[in-house]
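Please read all numbers here as calculations on a predicted model, not as lab measurements.
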Amino acid sequence: MTAKEWNEKYTVGMRVIYTPVMGRPKKIETVATSKAWELRDQTPVIKIAGIIGGVALSHVEIING
């Protein structure tokens, strides 16, 4: 998903689950605190509460409801 697609579908404040290391069981329930943007290498990222810097959208799942 691109940053533009994310921003069209989701809003700041959405509840998300962040997986710091893919394939590991640790998950963090938090909220999106920014719109998505793309890094120089085109990786789409967002800011989430409790984490410094942007995190790749590939590590984020939306919590439905």
Would you list the atom pairs, donor with acceptor, under 3.5 Å between side chains in residues 39-49 and any protein atom, with sequence neighbours excluded?
| unit_1 | atom_1 | unit_2 | atom_2 | d |
| --- | --- | --- | --- | --- |
| D41 | OD1 | T43 | N | 3.0 |
| D41 | OD1 | T43 | OG1 | 2.7 |
| D41 | OD2 | T43 | OG1 | 3.2 |

Taking only residues at least two apart or on different chains, which pairs with a member in residues 1-22 satisfy ring-ring contact (aromatic ring centres under 6.0 Å, His included)? W6-Y10

Enumerate the residue pairs fulfilling ring-ring contact (aromatic ring centres under 6.0 Å, His included) with a member in residues 32-56, sequence neighbours excluded, ordered by first and then second residue. none

Can you find a pair of side-chain heavy atoms, one from V60 and one from V55, that are under 4.5 Å apart? yes

Heavy-atom check, side chain of T30 versus side chain of V16, under 4.5 Å: yes

Distance-minimising heavy-atom pair for I28 and I51: CD1-CD1, 4.4 Å

Compare every heavy atom of I62 with every heavy atom of M14, then report the nearest pair and how far apart it is. CE-CG2, 3.7 Å

Sort and list the pairs that fulfil salt bridge (Lys or Arg N to Asp or Glu O under 4.0 Å) and have at least one residue in residues 26-36, not counting sequence neighbours. R15-E29, K27-E61

Tell me, please, which residues at least two apart from K4 pass side-chain contact (heavy atoms from CB on, under 4.5 Å). T2, E8

Please identify each residue that fulfils side chain to side chain donor-acceptor pair (under 3.5 Å) with E38, with sequence neighbours left out. none

